[in-house]
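Notes follow once the structure below has been shown.
For the numbers below, each heavy atom of this structure counts, side chains included, while hydrogens, waters and symmetry mates do not.
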Amino acid sequence: MLNPQFLVAHAEAVSDGPGSTGADQYRLALKLPDAGTVWIVDLDHATMLPRRITVTETDPLLGQVKVTASYDDWRAVAGITTPFRMAKHVDGALVRREIREDVSYSQTNLAGRFSIPEGQGAPDDTGGLYDWGWDMSHWFLRRADMAAPADEDQSSDVGFLGVGNGVFQITGSSHHNLVIEGSDRLIVVDAPLYDRRSRAVLRALKERWPDKPVKQLILTHHHNDHVGGLQPYISAGADLVVPAGTRDLFDDVVKRTLGITVEITAVTEHATLAGSGRDVALYAVPNSHANDMLVVYLPSERLLFNSDLFSPGRDTQHPLWAGELLAAIRFLNLDVANIVGGHGHGAEPLQALERAVSAQ
């Protein structure tokens, strides 16, 4: 949709011809061969160039959403009419505005470049190559939008690194969970990446703790790289624990994608989870990285889990976020011996956080 000249060039009309939607605009329904998706194209009456394209998509995280892109300042580039201004809305929210100062085209023979070699496809448990890719599509597209592309599937390698008594960092990808073993249940912190990763983690949890289901899923914050795989945990019976400011967001996500209502505990400043047979405390931490963020504190282990603010084992840290985490620990007067993260590897003592802050 960012380059409608190619969409319009290859699509087929659904109706026999355009219909007028006003004095200066025509409307045309288009589809790509074999794709099945229908795009509604509003054409300028004078130029017959697209003003706007609208489509309903099934987003892996948000469910059914209306996506609209609008265009202006069309110019000829290498014989291809190209928009130099565009804006994109997803579900009514503005997500992108773009002014293009220079556009160039490279014509290369790519015949067969994207064909799938015979015998290679999706693993048997995913329901087909299309489903396999769709589960992860939001992750790859969002990472590309952030200019930090991640092109490898990170779902299959699941490991458990002990960071406390019955507490494990779930490793094997660029983003980690935490699992806390209770007397009759498991508590998981964060659901990173995408559904396929979460299903692999759930299988590994079931194999290691066959009699202990995941009863609660704690989400530290709303960023898609830490919540993109939440639906499999909900489908497996887990309740949600989230920052209070994101409660409505996650309630909407679950209803739209799974069609159900889930029990949600919203944490404003501090809460203690009951029922697991061990103390699990949650605290809101003001910070510059994400509105409404929680950290998980296990007083018996003197262990604190955070996502993004400090990543134990990494050579470089974000000084502002690390300082904000240290300030919160001191303000809350938490007796923290070790810190584990959604990034990095393993646990490091509080002194490592203090050194990271003082070094800046």
Will you find, in the side chains of His176 and His345, an N or O donor that is under 3.5 Å from an N or O acceptor? no
Does a donor on one side chain sit under 3.5 Å from an acceptor on the other, for Asp190 and Ser307? yes
Taking Tyr297 for its side chain and Asp335 for its backbone only, find out whether a donor-acceptor pair lies under 3.5 Å. yes
Between Glu57 and Val67 (side chain of the first, backbone of the second, donor and acceptor by atom type, cut-off under 3.5 Å), is there such a pair? no
d(Leu178 CG, Ile187 CD1) to nearest 0.5 Å is 10.0 Å
Side chain to side chain, Leu303 and Val340, heavy atoms closer than 4.5 Å: yes
Closer than 3.5 angstrom, by distance alone: can the side chain of Arg247 be matched with the main-chain N or O of Val242 as a donor-acceptor pair? no
I'd like to know if Asp195 pairs up with Arg197 as an ion pair, taking the criterion as any Lys NZ or Arg NE/NH1/NH2 lying under 4.0 Å from an Asp or Glu carboxylate oxygen. no
Could you tell me whether His289 and His221 have their ring centroids closer than 6.0 angstrom? yes
To the nearest 0.5 Å, what is the distance between CG on Asp184 and NZ on Lys212? 8.0 Å
Closer than 4.0 angstrom, basic N to acidic O: yes or no for Glu348 and Arg355? no
Could you tell me whether Arg85 and Asp73 make a salt bridge, using a distance below 4.0 angstrom between a side-chain N and a carboxylate O? no
Indicate yes or no: at least one non-hydrogen side-chain atom of Asp239 is less than 4.5 angstrom from one of Lys215. no
Between Ser276 and Gly182 (side chain of the first, backbone of the second, donor and acceptor by atom type, cut-off under 3.5 Å), is there such a pair? no
Given 3.5 Å as the limit, does a donor-acceptor pair link the side chain of Arg143 with the main chain of Ala148, or not? yes
Expected output: side-chain Lys31 to main-chain Trp39 donor-acceptor under 3.5 Å: no
To the nearest 0.5 Å, how far apart are CH2 in Trp321 and CG in Asn287? 8.5 Å
Members other than Val77 in its cluster, when Ile, Leu, Val, Met, Phe, Trp, Tyr link by side-chain heavy atoms under 4.5 Å? Phe6, Ile80, Phe84, Val103, Tyr105
Nearest 0.5 Å please: distance from the CE atom of Met293 over to the CG atom of Leu219. 11.5 Å
Under 4.5 Å between any side-chain heavy atoms of Val179 and Val167, yes or no? no
Please check if Val295 and Leu273 belong to a single hydrophobic cluster, counting links between Ile, Leu, Val, Met, Phe, Trp and Tyr side chain heavy atoms closer than 4.5 Å. no
Return all side-chain donor-acceptor pairs below 3.5 angstrom for residues 248-257, not counting sequence neighbours, or 'none' if the list is empty.
{"residue": "Asp251", "atom": "OD2", "partner": "Lys255", "partner atom": "NZ", "Å": "3.1"}
{"residue": "Asp252", "atom": "OD2", "partner": "Arg256", "partner atom": "NH1", "Å": "3.1"}
{"residue": "Arg256", "atom": "NE", "partner": "Leu62", "partner atom": "O", "Å": "2.9"}
{"residue": "Arg256", "atom": "NH1", "partner": "Asp91", "partner atom": "OD2", "Å": "2.9"}
{"residue": "Arg256", "atom": "NH2", "partner": "Leu62", "partner atom": "O", "Å": "3.3"}
{"residue": "Arg256", "atom": "NH2", "partner": "Gln64", "partner atom": "O", "Å": "2.8"}
{"residue": "Arg256", "atom": "NH2", "partner": "Asp91", "partner atom": "OD2", "Å": "3.3"}
{"residue": "Thr257", "atom": "OG1", "partner": "Gln231", "partner atom": "NE2", "Å": "3.3"}
{"residue": "Thr257", "atom": "OG1", "partner": "Val253", "partner atom": "O", "Å": "2.7"}

Pair up each side-chain donor or acceptor in residues 153-162 with any protein partner under 3.5 Å, not counting sequence neighbours, and list the distances.
{"residue": "Asp153", "atom": "OD1", "partner": "Ser155", "partner atom": "N", "Å": "3.1"}
{"residue": "Asp153", "atom": "OD1", "partner": "Ser155", "partner atom": "OG", "Å": "2.9"}
{"residue": "Asp153", "atom": "OD1", "partner": "Tyr194", "partner atom": "OH", "Å": "3.3"}
{"residue": "Asp153", "atom": "OD2", "partner": "Ser155", "partner atom": "OG", "Å": "3.0"}
{"residue": "Asp153", "atom": "OD2", "partner": "Arg196", "partner atom": "NE", "Å": "3.1"}
{"residue": "Gln154", "atom": "OE1", "partner": "Ser174", "partner atom": "N", "Å": "2.5"}
{"residue": "Gln154", "atom": "OE1", "partner": "Ser174", "partner atom": "OG", "Å": "3.1"}
{"residue": "Gln154", "atom": "NE2", "partner": "Ser174", "partner atom": "OG", "Å": "3.2"}
{"residue": "Ser155", "atom": "OG", "partner": "Arg196", "partner atom": "NE", "Å": "2.9"}

If we ignore hydrogens and angles and just use 3.5 Å, is the side chain of Ser70 paired with the main-chain N or O of Arg52 as donor and acceptor? no
Could you go through the salt bridge (Lys or Arg N to Asp or Glu O under 4.0 Å) check for Lys88 and Glu98 one step at a time? CA-CA 9 Å; Lys88 186 177 180 181; Glu98 185 174 299; over 6 Å; no
Distance-only, no hydrogens or angles: does the Asn333 side chain make a donor-acceptor pair with backbone N or O of Phe331 under 3.5 Å? no
Any donor-acceptor pair under 3.5 Å linking the side-chain atoms of His343 with those of Asp308? yes
Evaluation steps, salt bridge (Lys or Arg N to Asp or Glu O under 4.0 Å), between Asp59 and Arg142: CA-CA 12 Å; Asp59 183 90; Arg142 283 170 170 82; 3.6 Å; yes
Show your working on salt bridge (Lys or Arg N to Asp or Glu O under 4.0 Å) between Glu181 and Arg208 and close with a plain yes or no. CA-CA 11 Å; Glu181 182 183 6; Arg208 182 162 184 149; over 6 Å; no
Salt bridge check, Asp42 against Arg51: does any charged N sit closer than 4.0 Å to a carboxylate O? no
Between the main-chain N or O of Ser288 and the side-chain N or O of Glu324, is there a donor-acceptor pair closer than 3.5 Å? yes
